[in-house]
Amino acid sequence: MISIHIRKFNMERQLALEILLKYEKNQSYLNISINHCFHQHELTKTQKNFITRLVYGTVSYQLYLDYIIKQTITGRIKKYEKILLMMSLYQILFMDAIPNYAIINEAVNLAKHKGKRTANFINASLRKLTQVNISFDNLNEDERLSIETSHPLWLVKMFIKQYGKETAIEILHANNTIPHQTARVNTILCQIEDILQIDGFTKSPLSIDGVYYDGAIMNSEAYKQGLLTIQDESSQLVGRLLNPTKDDYVLDMCSAPGGKTTHLAALMNNQGSIEAYDLYEHKIHLVNQLCERLHVTNIKTHCYDSTKLLDIYHEETFDKILLDAPCSGLGVIKRKPEIKYHDSIALDEIEKIQEKLLENAYPILKKGGNMVYSTCTLNKKENEKQIQAFISRHPSMKILEEKTILPIDSDGFYMCLLEKE
């Protein structure tokens, strides 16, 4: 019985190891690598779930796993060995349904491809790791938080400074949890009551357009029929905040992959007109595909740099503007754990781009018109402070509503509704 169980997961671990090695080599996005893997191999739902949890879990707890290994194993560890140890240690610590000896045996079997020396090293190291008592005595409080929650120290300090220690700790732990499978109901084709009658769907407590699904949303019939699109519930609040009508001329400055854009279309009853922009052609293709699947007809897409929209639009052109700005993504770490390991230096460049986008939005918004600025980050320099600086440059812009959704039960999001007097 046990040998059958071990063999069952051998391929999954091999694929997970390959994904993690690719990530370590070139920092590829995990979701892209996982989707590519699933397209290349015929896998069951159980196999896909195992690979996904193992890959995301190992990256989520990367600093914690690395700390334990460094405290336990002396000498130089090769890259392949390090990844295999981290992947196996994650299973030992966080996947209780699998016995330790099975995990060790599988790791040794994988290591045999690299030779007997590697297999012996992995075997001895993992057996040692299962018996070690980890000490944090040499760490201060912030450093311990950094290791235990596997967030870089700069990020821990930033969250504490901006949100206070208690809230910061809540955010750090929440970032390592598994997110809900959330979708937005496409009200162009149906109502939420229709979806809630289908087995497996339950109501989102945060968004009136949102539902949870017990399973893979893309495999549901409702999704295949265009009645749903995958979108986190906090993200769904952005369109509702802008609240466009069927008579509005709307600009979406950073539209890809199209979730918020098509939500605006649904709120407008597929009437009025939306100009949707993105910088890259392949991303505009994603928006077009989503429009077709959801039967959206009032969106016109453009591949263009939105920091230069003043070159093509007259002043006071649009009734409503959505600026869902590029950002550091620190609110969606539970979906994209690799984000937290990005270099903090990149934040400065992102803030400059956000400022350019805001400066292009201001002149082409009509007097009396509304704009929503939103990000999926928790960094207040990109959010509240960015808006305060914008208003100081343009006193005619007034804040009507401003909110931050912490990534506790949903993605983290910031959104601000402004009006041009």
Side-chain angles (χ1 to χ4, degrees), residues 29 31 35 178-192 194-196 198 200-244 250 252-270 274 276 278 283-296 298-299 301 322-327 329 331-336 339 372-377 403-415:
Y29 286 106
N31 63 328
N35 289 337
I178 298 172
H180 293 295
Q181 295 293 312
T182 313
R184 173 175 57 80
V185 175
N186 180 18
T187 53
I188 292 172
L189 299 182
C190 68
Q191 297 303 312
I192 192 166
D194 302 321
I195 300 299
L196 292 175
I198 304 173
F201 287 99
T202 54
K203 182 79 179 66
S204 158
L206 187 61
S207 167
I208 64 174
D209 303 306
V211 291
Y212 297 153
Y213 185 57
D214 183 19
I217 293 171
M218 292 179 69
N219 294 335
S220 69
E221 284 301 316
Y223 179 90
K224 294 174 183 177
Q225 294 170 20
L227 307 181
L228 300 169
T229 188
I230 296 172
Q231 185 179 359
D232 188 77
E233 52 201 316
S234 58
S235 171
Q236 297 173 31
L237 302 181
V238 173
R240 286 281 178 182
L241 187 60
L242 186 60
N243 194 30
V250 179
D252 187 342
M253 298 179 71
C254 306
S255 62
K260 298 180 192 68
T261 321
T262 52
H263 193 192
L264 296 178
L267 294 171
M268 296 166 70
N269 297 317
N270 224 5
I274 301 172
D278 203 89
K283 290 189 174 182
I284 286 295
H285 180 63
L286 294 176
V287 180
N288 290 332
Q289 282 185 318
L290 186 59
C291 288
E292 184 177 355
R293 191 175 71 79
L294 300 182
H295 298 263
V296 171
N298 67 338
I299 293 175
T301 57
L322 172 59
L323 173 48
D324 184 49
C327 67
V332 294
I333 286 174
K334 68 175 69 175
R335 294 189 191 278
K336 299 178 179 179
I339 284 175
V372 165
Y373 173 83
S374 64
T375 73
C376 60
T377 190
K403 65 175 74 173
T404 297
I405 310 295
L406 297 179
I408 309 304
D409 296 315
S410 67
D411 287 350
F413 242 88
Y414 168 83
M415 56 201 78

Quick one: closest heavy-atom pair of P205 and Y212, and the distance? CD-OH, 3.2 Å
Quick check: closest heavy atoms across E233 and S207, and the distance to 0.1 Å? O-CB, 3.7 Å
Let me confirm one number: the OG1-CE distance from T229 to M218, rounded to the nearest 0.5 Å. 9.5 Å
K283 side-chain N/O to G258 backbone N/O, donor-acceptor pair under 3.5 Å: no
Suppose the criterion is salt bridge (charged side-chain N to carboxylate O under 4.0 Å, His left out): which pairs have a residue in residues 403-412, not counting sequence neighbours? R335-D411, E401-K403
How long is the straight-line distance from CD1 of I192 back to OG1 of T187, given to the nearest 0.5 Å? 10.0 Å
Keeping the roles fixed (side chain from R293, backbone from L228), state whether a donor-acceptor pair exists under 3.5 Å. yes
Are the side chains of V211 and L196 in contact, using a 4.5 Å heavy-atom criterion? yes
Testing the basics here: between M415 and V238, what is the closest heavy-atom pair and its distance to 0.1 Å? CE-CG2, 3.9 Å
Ignoring hydrogens, what is the shortest heavy-atom contact between L290 and P257? Give both atom names and the distance. CD2-O, 3.9 Å
Starting at OG1 of T375, measure out to CZ of F413 and round the result to the nearest 0.5 Å. 7.0 Å
Evaluate the side-chain proximity of L206 to I405: yes if any heavy-atom separation is below 4.5 Å, no if none is. yes
Determine whether T182 and Q236 satisfy the following criterion, side chain to side chain contact (heavy atoms under 4.5 Å, CB included), listing intermediate values before the conclusion. CA-CA 10 Å; T182 313; Q236 297 173 31; 4.0 Å; yes
Gap separating the CG atom of N270 from the CD1 atom of I299, nearest 0.5 angstrom: 8.0 Å
State, with a plain yes or no, whether a side-chain heavy atom of L189 is found less than 4.5 Å away from one of Q225. no
Just checking I198: does its CD1 atom have more than 12 heavy atoms from other residues, nucleotides or ligands closer to it than 6.0 angstrom? yes
Other residues, nucleotides, ligands: >12 heavy atoms within 6.0 Å of D214 CG: no
Non-hydrogen side-chain atoms of I208 and R240 separated by less than 4.5 Å: yes
Euclidean distance, D324 CG relative to Y373 OH, rounded to 0.5 Å: 9.5 Å
Determine the minimum heavy-atom distance between N186 and A266, stating which atoms define it. OD1-CB, 4.5 Å
With V372, the side chain to side chain contact (heavy atoms under 4.5 Å, CB included) member among L264, L237, L322: L322
Assess whether atom CD of E292 is packed by more than 12 heavy atoms of other residues, nucleotides or ligands within 6.0 Å. no
Tightest non-hydrogen contact, residues I217 and Y223, listed as O-CB, 3.1 Å
Under a 3.5 Å distance rule, please check whether S410 uses its side chain to pair with a backbone N or O of P407 as donor and acceptor. no
Say whether, by atom type as modelled, one donor and one acceptor occur between the side chain of T261 and the main chain of S255 under 3.5 angstrom. yes
Are the side chains of D209 and Q231 in contact, using a 4.5 Å heavy-atom criterion? no
Any heavy-atom pair between the side chains of S220 and F201 that's under 4.5 Å? yes
Side-chain heavy atoms of P326 within contact of C254, under 4.5 Å: yes
Nearest 0.5 Å please: distance from the CD1 atom of I188 over to the CG atom of L294. 7.0 Å
